Amino acid sequence: MTSSALQKISEADYLRTEEHSPFKREYVDGFVYALHGEDSPNAQAGALSRHGLIGTNIIAALHRPALRQGCKVYASDMRVRIQARGARYYYPDVVLTCEDMADDARYCSSPCLLVEVLSQSTQVVGRGQKLSEYTALPSLQGYLMVDTATRAARLYTREGDGWGEQYVEGSGSLRLPYVPVELMLDGLYEGTSL
């Protein structure tokens, strides 16, 4: 990151500048982290085709069932705002929300399901920091992490005051919470070489 990226900025400044930024940036406790386009340890050079196909397959599986539930599914351009430990904005790969949102909304704050398609460079944050922060959201019913190096997925689902965990590798399926969808690994990885 450039030295200017290491300076704290206000949430209002982040929201104002993100709209005009040439690359996506996540916001954590006043610091901005580039996802694409900037040379930094956290920046991603752009998604591989496998990553895109997996995300598209998930969105395709969720779209109609979500609409029937009065919910919407968004791709990786919808930010999620988390306030539990200070303002944070993340760009999950897939967001399912049932909150009433304007057509011009730039973020949601009450997602039901979040999905991260994990690459080598994003798996530590996805399995650590984001797992902790996403599961602290009162509205969240599920957090799905899908691997891009091997056919494997991990789903955390809210169970009372805690979280249950399901893991599948190679083949099998995961039953998503809130929307009646069973995701088969074959469907998640359709069109890829995995």
Side-chain angles (χ1 to χ4, degrees), residues 1-60 62-63 66-67 70-119 121-126 128-146 148:
M1 272 188 214
T2 64
S3 60
S4 64
L6 297 176
Q7 296 175 4
K8 275 191 156 187
I9 67 170
S10 70
E11 180 179 358
D13 284 344
Y14 164 73
L15 292 171
R16 181 181 46 77
T17 58
E18 182 66 6
E19 187 176 331
H20 305 289
S21 175
F23 46 85
K24 290 180 189 175
R25 304 170 308 159
E26 294 185 327
Y27 180 83
V28 179
D29 296 332
F31 293 97
V32 176
Y33 301 93
L35 290 180
H36 303 283
E38 198 170 285
D39 185 24
S40 81
N42 296 328
Q44 303 165 26
L48 299 174
S49 62
R50 179 181 296 159
H51 183 281
L53 281 172
I54 293 168
T56 299
N57 290 340
I58 294 166
I59 290 168
L62 289 173
H63 179 68
L67 287 177
C71 305
K72 294 180 182 170
V73 179
Y74 296 95
S76 60
D77 288 332
M78 179 56 71
R79 282 175 289 185
V80 171
R81 181 175 194 255
I82 301 173
Q83 272 192 271
R85 299 176 209 138
R88 293 158 191 245
Y89 290 84
Y90 294 111
Y91 282 99
D93 290 302
V94 179
V95 176
L96 171 71
T97 186
C98 301
E99 66 189 282
D100 189 20
M101 292 175 40
D103 286 343
D104 62 350
R106 297 189 183 276
Y107 64 87
C108 74
S109 22
S110 298
C112 302
L113 174 72
L114 295 174
V115 179
E116 293 285 357
V117 179
L118 303 176
S119 65
S121 64
T122 63
Q123 64 182 326
V124 171
V125 173
Q129 178 181 336
K130 288 185 178 181
L131 171 62
S132 172
E133 293 185 16
Y134 289 169
T135 55
L137 287 164
S139 64
L140 197 73
Q141 299 301 307
Y143 175 40
L144 175 64
M145 292 179 280
V146 181
T148 57

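Every value quoted in this text rests on a predicted model; they were computed, and no experiment measured them.
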Check whether the side chains of Y27 and E18 place a donor and an acceptor atom closer than 3.5 Å, and report yes or no. no
What do you reckon, is CG of D100 surrounded by more than 12 foreign heavy atoms closer than 6.0 Å? no
Student check: side-chain heavy atoms of E99 and S139 closer than 4.5 Å: no
V115 pairs by side-chain contact (heavy atoms from CB on, under 4.5 Å) with which of I58, I59, I54? I58
When you compare the side chains of E19 and Y14, does any donor N or O come within less than 3.5 Å of an acceptor on the partner? no
So which atom in P92 and which in V95 form the shortest heavy-atom distance, rounded to 0.1 Å? CG-CG2, 3.8 Å
So T97 and M78, do their side chains get closer than 4.5 Å, heavy atoms only? no
Per the ring pair (Phe, Tyr, Trp, His ring centres under 6.0 Å) rule, which among Y33, Y107, F31 passes with Y89? Y107
Sidechain-backbone polar pair: E26 side chain, Y91 backbone, donor-acceptor under 3.5 Å: yes
I want to check something: taking the side chain as every heavy atom from C-beta on, are Y134 and E116 in contact at a cut-off of under 4.5 Å? yes
With salt bridge (charged side-chain N to carboxylate O under 4.0 Å, His left out) as the criterion, how do K24 and D77 come out once you've worked through the C-alpha distance, each side chain's angles and the decisive distance to 0.1 Å? CA-CA 8 Å; K24 290 180 189 175; D77 288 332; 3.0 Å; yes
State whether the SG distance for the cysteine pair C71/C112 is less than 2.5 Å. no
